[in-house]
Amino acid sequence: TRSHSRPRLVMLALLSGGLVLVLATDTLLLGQSRIGQAQPAVGQPGKDVEWVPTPPELINQMLEMAKVSPQDVVMDLGSGDGRLVIAAARLGARAIGIEYDPRLVALSTRNATAAGVAPRTTFMNADLFDVDLSPATVITMFLLPDINLALRPKLLELPPGTRIVSNTWSMEDWTADETVVIEPCPSWCTALLWIVPAQVGGVWQLPQGTLVLEQHFQEISGALRSGHGMVQITEGRLRGNQISFRAG
């Protein structure tokens, strides 16, 4: 839909041998507030996924599950218009948005300034697969199952205890540590939390004997061998760098 306002200024310019007509109007095409400042449309295509905003209710739930505090560095993968980054910064965290579309990066920067959190936010125009994720203590994302799976090896290399929260989509056999479905919710109502586990598989020497552990992400199994024989462990679980199990 075009604007009905009349042009305020008409300029003719001769560039590279061609005549260029430049119109400056009070209102531009729908979806743009001014030249070069695009407003995102739900479902618009991106490099890896379409842009669909996370509803505010789920943003709050995701940040609550991750226990975001001023001590955290939150990195949002595919940050869109910056809404989750801004919400994290409002909690006092240092928040970083990774976005491939430079127009959305510019929009996010303006939104953060308008929200008064610009000093605690950074928006990077980058491919999320090329970014160093190691500064983050919390990773947030609303991608797709195949993108989550492609990122999984990189996420598992992060320091134990790093919190990862996804809108809706899982990471296949790396089951979530916590899942919350919020109600009422207009759409996209599921938040999933993972805590990067330490690598503990192998043989450990304890005062009680030799502990042999097998690990599948945050789930562990194995046996404790001592002078009294071998006892299978039960209820084995990892939460970051914290391990718990029963033996006898």
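Across all their heavy atoms, Pro197 and Gln199 have their closest contact at O-NE2, 3.7 Å. Nearest heavy atom pair, residue Ala247 against residue Val231, reads C-CG1, 3.9 Å. Residue Ser108 comes nearest to Gly80 through the heavy atom pair OG-O, 2.8 Å, listed as atom of the first residue, atom of the second, then distance. In terms of heavy-atom proximity, Ile96 sits nearest to Met124 at CG2-SD, 3.9 Å.
More than 12 heavy atoms of other shown residues, nucleotides or ligands fall within 6.0 angstrom of atom CZ in Arg152.
Between Val68 and the options Val138, Thr137, Thr140, a side chain to side chain contact (heavy atoms under 4.5 Å, CB included) holds for only Val138. With Leu224 as the partner, the side chain to side chain contact (heavy atoms under 4.5 Å, CB included) test is satisfied by one option alone out of Gln208, Gln232, Arg246: Gln208.
Residues that satisfy the side chain to side chain donor-acceptor pair (under 3.5 Å) test with Asn167, not counting sequence neighbours, are Thr54. Residues passing the side chain to side chain donor-acceptor pair (under 3.5 Å) test with Arg94 are Thr122, sequence neighbours excluded. Listed by chain and number, the residues in a side chain to side chain donor-acceptor pair (under 3.5 Å) with Thr175 amount to none (sequence neighbours excluded).
Using a distance-only test at 3.5 Å, with no hydrogens or angles considered, no donor-acceptor pair links the side chain of Asn148 to the main chain of Met171.
Contact of the Arg90 side chain with the Ile86 side chain is registered, since non-hydrogen atoms from C-beta on lie closer than 4.5 Å. Residues Ile233 and Leu211 meet the side-chain proximity criterion, which asks for heavy atoms closer than 4.5 Å. Residues Leu128 and Leu143 are in side-chain contact: their nearest non-hydrogen atoms beyond the backbone lie under 4.5 Å apart. The side-chain heavy atoms of Met75 and Val131, taken from C-beta on, include a pair separated by under 4.5 Å. Looking at heavy atoms from C-beta onward, Met141 lies in side-chain contact with Ile164 at the 4.5 angstrom threshold. Residues Asp173 and His216 are in side-chain contact: their nearest non-hydrogen atoms beyond the backbone lie under 4.5 Å apart. At a threshold of 4.5 Å between non-hydrogen side-chain atoms, the residues Leu151 and Leu77 count as touching. Side chains of Ser166 and Ile139 form no contact here, defined as non-hydrogen atoms less than 4.5 Å apart.
A salt bridge links Asp177 to Arg237: one of the charged nitrogens lies within less than 4.0 Å of a carboxylate oxygen.
Ring geometry for Phe217 versus Trp174: interplanar angle under 30°, hence parallel rather than tilted (30 to 60°).
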